[in-house]
Every structure is written in C-alpha cells, then in structure tokens.
Amino acid sequence: MKKDRIAVLAGVVVLLLFISALQNNIADQRREEKFRDPNAMPLDMIAQLPVQDMSLVTIGAILGGFRSLAVDLLWMKCDNYWESGRWFRMLPLARTITRLEPSFVEVWYLTGWQLAYNMSVEAQSIDECRRLIYDGIEFMETGSKLNPEHYRIPFEIGWTYYDKLNLYDEATTWFVESIKRLDATLIAGKYPKEDNIPRYIERLPAHGYERFPDFDKALKWYHVSLMKHRQYDNISPGAIETILERYWPAWKIFKQARNAYHQRRYDESIARLQEAEAQLLRDWVKWQPNDPIDPFALHFQARIYELMAAAAEGKGDAQAAARYYDRAFDLWWECMNERAMDKLARRRLLDLYYSRGKPEKWKQRIPRGMNPYGLPEDRVVGETEGTAPPRPQGDVSLAPTGKYRYRCLKCRARYGANEPDLTRCDRCGGPVVREEAETPPVPVPKPGIKMPGMGGPGMGAPPSAPAPGHEGHAH
Amino acid sequence: MSTIFAIAKSTFKETMRQRVLLVLLLFGVVTVASSVLFSYLSTGEEIKFVVDMGLGAMLIFGLLMATVLGAFMIPTDVERRIIFTILSKPVRRMEFIFGKFLGALGTIAMNVVLMGIVFLVVYFLKNKFHLELTAVEAVGLVFFQLAVILSIAVTVSTIATPWFTVIFTMFTYFVGCMNETLHHIATHAQSTFTRLSMWVLTVLVPHFENFDLREKILLEDPVPGMYLVKAIAYALAYIAVMMAFAYLLFNEREF
C-alpha cells in the first residue's frame, strides 16, 4: 500500500512537470499564432476600467473567462444608448469595450463615426465641434493600428475626411491603406464575411480629385477601379468619358500654365490660363448647354483664377492679382451658394478670405448658416440681421424680363432674353448657356424701390432657386 | 476493466435521469438557439455574437452540470450507503472512482453533443451556410474543458461535503481563467516566496484558456492539428493527476 502511494505520488510529480512544460509550449504557440488578441487588456488591469456602466454580472463574466460575452453585452448596451440618442453615455462604454477586446472592429469605426457625425453636431462651439470630429478620427486611427489587417477602419477614416471635411488628399491616403489591406486579405484567400464590402473604394479618391480638381489623379483612380471591378463598376467608364470630353483639353493647357508658373514664366502662365479658361468654356457650352452650374467646371474655373492671381503676384501686378482673386472668390461663392454640401467651396472661400487679410469687400459674403463642421457659423463683425449678402460683381441682371433665362459662363451674369439661341454675353462676350428654370424668373426691381426681404435699393434680386443638378455624371 | 465500465454504465443511466441536469440541458439548448435572435440586437458582426453566446452558454451550463454532477455523485452514494454495497464486492476503490468519473463524463459528453449540435446548426445558418472545422474543434475542446472541471469536482468530493466541492470547483475555475495574471505575478513579484507560491499555483490550477478557440473561429483561421493534440494531452494529463489525487484521498477514507 505504501509502495502504491509512493508510486502514485511519483507519477503525479512527473505528470505535473509534464503539464508545466506542455503549458509553456501551449502558451508560446497561443501567443505566436494569435489565439487571443495580444492587445487585449490583461485581467490584472481590470480595475482601471470605468465600472459605472457595468453590472456585477458583467464584471464577473469578464473575470470568469467570459470576456467576449461580456463585451457583446456591453456593446448591446451601447447600441441601446445609441438608439435612444444618448451618444455621450455610449462613449466611455465603447472605450471599455475596445480595451477589453481591441479586435472588435465595429466598435472602433462606429464609435468614431458617432463622434465625428452625431456628437460633433451637438457641440456648443465650433472648437468643440472640430475637436469631436478629430477625436473620432484619432479614435479610429488607434483602432486601425491595433487591427492592422482589417480594411474597414481606414476606409471609415478616409470617408470621414472625404465626406465630413472634404480633405481629399488625406482621404485618399486612408483609402489607399484600406485598399492595400483588402487586397492582402483577398490574396490570402480570406474574403471578408461582411455582406456589404464596398467595391467603390477605388472610385472615392477619383470623385474627390474631380472636385479638387486634379483630373490626372481622378483618371488614374477611375482606371484602377475599372481594372479591379470591371463587372461591378458601371460608373467609371462614363466618368472617364466625361472627364476626357469636358475637362481634359482645358486641363492639359492648365498643366502647361502651371509648369510655366513654377518656372517663373508668369506672363506665359497667365496667357495659358486664359486659354485654358476659354477652352473650358467652349467645352462647357458644347457638352452642357443647359447646365451653368457644373460644380467641377466651376471649381476648375476658380482654380484657374487662383493660379492667375498667383502668377500676377509673381509678376508684381497687385491690381491684376486682386482682380483675379475677386473672380476666384466669386466663383467659390457661387459654388457654395448653389450647393449646400460643397464644403470644399466653403473652405476655399474661408481660406481665401483669411489668406488675403480679410478684405472688407468680402466680409459680408463669408458663409453664414452651417459651417463645414455642421455648426452655425460665427457671425462676421458688422453684419446685421436680415441683410441679404450682395451678389457677386458679375452676377447682375442685365435685362428685367425675357422668355428664356441665360447665364454667362465667364462673368456669371444672369439675364432674360426672348431669343432661344443666344450664344454670347452682352456684357463680356463670353459664352452663355440657357438655364432650365422651373419657376418664372424673378423680376429685378428698379433702382430706388425696396422689395420685401432685401437690404436696400440696388441690392439686386434675391437668390434664385438652384438650377437642376447634373445628370449622367458620377459623384 | 469490465468493473469500471459496469460502474460507468450504471452511473450514466442514473445521472441521465436527474431532473436538474435535464433542466440545465434545456436551458443550455434554448440559450444557444436564442443567440441567433440576440445577434439581431447587436450592431455589426452578428456571427461574433452567435459564437460568443453559443460557446459561452455551452460552457456555463456545462460548468454547472459538471460541478453539480461531480460534487453530489459520490457523497450521495456515501449518504445512501450504496457505497458499502459496491465496495463489499471485489471492486477496488480506484475502479469505483474511475467508473463514476467515466459515467459522469458520458453524461457531460451527451449534453455537450446536444448543445453542440444546436450551436453548429445556428452557426451554419448564420455563417451563410458554411461550417468551419474550427467551430467543431471548439465544441470538442469545450468537452475536454468540462472533463477537467468534472475531475476536480470528483476529486474534491471524495473528502469534502457537496457544497464545499461546488464552491471549491467554481473557485478553481475562476482562478484557472486568471492564470495569465498568476503567471505575470509569478514572473514579476519581488518576493521569492510569492513567486514560488504563484508558480506552484499556476502549475496546480488548470489553464482553461488553452481550450478557447473563439478568436480563431471568428477569423476563420484553421487551428494547427498539433495544437489540438497538445490541448487534449494537457487535459488528459490533468485528469490523470486529479484521478491520482482522488485515489490517494479516497483510499484512506474510512466509512
């Protein structure tokens, strides 16, 4: 009996040593092959979590090896807060979840989205709003670092830059990262399980660069998208064709002008830019005879004038530079007015205003209403309530009535005429297009007569209804 | 050998009739099946919810079953004096213990199979009619995890009261889930005594995270065959240690 006991004890000791050695081996293998998220918070640090939103059951579950289940329950609670609009309560819980289970990807990008979109709109000041948007982006960047193989988080960061901030270069950097990760996953044979894997990621930089505009990069990304998703992408062929028809001839000349500018050949640069504008307007009339509010063309036109102004400054011609900056400002102002979602125009307007030393003549036309961050813009000093902003210099009505409404593409003048096929502007000789107005034109008051809603005599007609949007062009 | 199997068979039949276990099984199956409904309440990856809740429910209810079975099996026999009848036959105490353990293990296996089938069906439906081998392997490792818990409960029940056994087994399970922390203390504590005692604890208390394949299921990563062999070898070695302790303790016990 005693011998049996000794034998059994010896066997137990041997087995325990074997178990110890085997356990080390298993632990090493688990670490190397990532059986567990290496970034997950260790249990001995659990006291650092904010426990006010966690019940004892949840804490017990975390300690008892049911961490994933506890995380799921906490996420359901977050979902509850989200549905009931209590976004700020959701935030500490979301941070807890990301510490317990950093590989739970949805938490990262959904919380980042909440910060950048929902919470920022509820901010009490523009600074807070801006901070919340960038907090959302930073939150997602942390998630992206901790999940280096997952494509979705960099995609969402890129989308936030693209959609919320209209910062296309930053957006493209993140879209490229997302594409790299998605391609790596596909090459490894692990197709993401989601139902809605975006097949348009490659096209998003193209859409952004069209607006900038930078048609070289836009075409490049459209071609990449077409190469990768030919059977799904029915937008890129049309978009490429549109760019080549409507903007490419002018863009080629613009690039020559830009090269000349960089080589300090300012006169040549200005001459080429004027050629580029003329080409742009010719193509505009040819391809879009009924659409005077093409945002891409307007953005392009504004960029042409910005570069003209820079070249004029380089030449030392301050007067010409000021004129060109005024034109650029007018064009951005028109873009912003016509399309409320054109945050790029709004931002360029603000950039020009501040970079030119806040000229008085522009002060009253600085954007009011929602700013790029979704908050009411601060009022510019000197504004009064109910004052309608003056229309741009070029935007004057030359004739009070007319069966057809026209807009000059060069000076942006608007007027009515009875001829159905006007081609040249009476004021500047530039090409005109006919607007397809849905409402009758608003009569222009005679000088000295005040109409309701207007600041005073000679202020011009109130803004008209926006022209119909593009059709047949990718956005 | 035949004695062990005879005891195992009768234990199995007896435990399968226990209402407590049937209720736990029913709850377990319902919880696993309802994970598909709960997944709709979760924003994002529904499959994660199904896997976490399915495997979690199997583990929770399996843990309760193993603890209750292991804690009450032998003391009940002692209380009802059935053990005298058995031990008066030419049945060695070790055969009795091992037979009881195998019988209870059979019951646990049956329950795991039932809950596992429900889980795999739910997973199959939720995963776009695709079944990963990793999910089946995870169910298998749940069984081995519960086998380890059962062996602890059976061993302690040879000398302790049932409720003490339940509490001790649950406590061991929680400590086993925190083995990472113990290992961390064992390697970083300043006091030699603390380091040594923590090391002994990490060796004696089983590492239940060895049996966790949740991350691999969600990533659809295959589990290396060698890892499964090591995890099962670990479980079997631990069970052997527990059975050895049970033999040492039960052999000395007087009735």
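Within every chain, numbering begins at 1; the chains are lettered A, B, ... in the order of the sequence lines, protein sequences first and strands thereafter.
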Could you tell me the separation between the CD atom of A/Q29 and the CE atom of B/M226, rounded to the nearest 0.5 Å? 8.5 Å

To the nearest 0.5 Å, tell me how far A/R5 CZ sits from B/N251 CG. 8.0 Å

Heavy atoms of other groups near [X] [atom1], more than 12 under 6.0 Å:
X	atom1	answer
A/R86	CZ	yes
A/F88	CZ	yes
A/Y117	OH	yes

May I ask you to decide whether A/E101 forms a salt bridge with B/K48, counting only side-chain N to carboxylate O separations under 4.0 Å? yes

Just to verify, which of B/V51, B/V50, B/D52 counts as forming a side-chain contact (heavy atoms from CB on, under 4.5 Å) with A/D72?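 Testing A/D72 for a side-chain contact (heavy atoms from CB on, under 4.5 Å) against B/V51, B/V50, B/D52 leaves exactly one candidate, B/D52.
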
Between B/I60 and chain A, with a heavy-atom cut-off of 4.5 Å, which part of the residue counts as in contact: side chain, backbone, both or neither?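 Both backbone and side chain of B/I60 come within 4.5 Å of chain A.
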
Side chain, backbone, both or neither: which part of B/N179 has a heavy atom under 4.5 Å from chain A? neither

Chain B interface, residue from A/L16, A/V105, A/I19, A/L17 that has the most non-hydrogen pairs under 4.5 Å: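 Among A/L16, A/V105, A/I19, A/L17, the one with the most close pairs to chain B is A/I19.
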
Name the option with the most non-hydrogen atom pairs under 4.5 Å to chain B; the candidates are A/V107, A/L9, A/L15, A/I26. A/I26

Side chains of B/K230 and A/N25: does their closest heavy-atom pair fall under 4.5 Å?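 Result yes, sub-4.5 Å side-chain heavy-atom pair found.
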
pair A/F35-B/N210: side-chain heavy atoms closer than 4.5 Å: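 No, too far: nothing below the 4.5 Å cut-off.
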
Specify the closest pair of heavy atoms between B/H207 and A/Q23, including all atoms of both residues, with the distance to one decimal.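 Nearest pair, atom of B/H207 first, then A/Q23: ND1-NE2, 3.1 Å.
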
Residues from residues 231-246 of chain B approaching chain A under 4.5 Å (heavy atoms):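 So far as heavy atoms go, B/A231, B/A233, B/Y234, B/A237, B/Y238, B/A240, B/V241, B/A244, B/F245 are the residues that approach chain A to under 4.5 Å.
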
